[in-house]
Amino acid sequence: MISARNIALAACIVGMMAPQAFAADEMLEGAKQQMELSNQLIALGRERKDAILVLAGAHLRNNITNDPIGEAGDIPDKADLMEEAKMLAGDRDDLKGIADDIDAASSRGCYNWNGGTGSFSCPPGSQFAN
């Protein structure tokens with residue numbers, strides 16, 4: 001008779017030998033896009049020492065689907081975008097507080113809050129102002 005211990009051990013070994021569900025060559029394009037975006041958010045967050053970017057990358061990685069990343073469409077002005085974020089936050093007061101902080105903060109570099117026109121604004125004294 002085969003013991004339960006041997007069956008469990010065999011199941012573990014077979015499980016370790018099985019291919020990963022999201023092996024790189026099997027991922028659909030949407031999942032690949034999301035993994036790359038997650039990697040970029042985490043890398044940028046580490047470079048800037050920005051916890052929100054690292055958390056956003058980790059959150060995305062935690063919720064990867066096969067849905068492709070679509071176009072952002074027209075980006076509204078900053079206040080409208082923060083209102084949209086608060087609406088998406090639902091009852092999460094912590095996320096609403098982060099949106100308020102971002103809304104109150106000024107940019108440290110160039111930004112594109114010009115309604116998606118493609119033109120950028122750079123604050124005076126910025127390395128990109130010229």
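We use all heavy atoms of the structure for the numbers below, so side chains are in, but hydrogens, waters and symmetry mates are not.
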Without swapping roles, check the side chain of Ser38 against the backbone of Leu60 for a donor-acceptor pair under 3.5 Å. no
Hits for side chain to side chain contact (heavy atoms under 4.5 Å, CB included) against Lys96, two or more places apart or cross-chain, chain-then-number order -> Lys86, Ala89, Asp93
Quick one: does Gln34's side chain have a donor or acceptor within less than 3.5 Å of a partner on Ile69's backbone? no
For Leu53 and Gly45 the tightest heavy-atom approach is CB-CA, 3.6 Å
Is any side-chain heavy atom of Glu36 less than 4.5 Å from a side-chain heavy atom of Gln40?
yes
* To do: Taking the side chain as every heavy atom from C-beta outward, state whether Arg61 and Ile42 have any pair of such atoms under 4.5 Å apart.
  => yes
Within the distance-only criterion (no hydrogens, no angle test), does the side chain of Asp103 pair as donor or acceptor with the backbone N or O of Ala99 below 3.5 angstrom? no
Give the intermediate values and the outcome of side chain to side chain contact (heavy atoms under 4.5 Å, CB included) for residues Ile52 and Ile98.
-> CA-CA 9 Å; Ile52 292 174; Ile98 291 171; 3.7 Å; yes
Side chain to side chain contact (heavy atoms under 4.5 Å, CB included) filter on Leu88, not counting sequence neighbours, yields Glu84
- prompt: In the single-linkage hydrophobic clustering (I, L, V, M, F, W, Y; side-chain heavy atoms under 4.5 Å), do Ile102 and Leu81 co-cluster?
  reply: yes
- Task: Evaluate the criterion side chain to side chain contact (heavy atoms under 4.5 Å, CB included) for residue pair Asp100 and Met82; output intermediate values, then yes/no.
- Result: CA-CA 7 Å; Asp100 287 336; Met82 293 305 102; over 6 Å; no
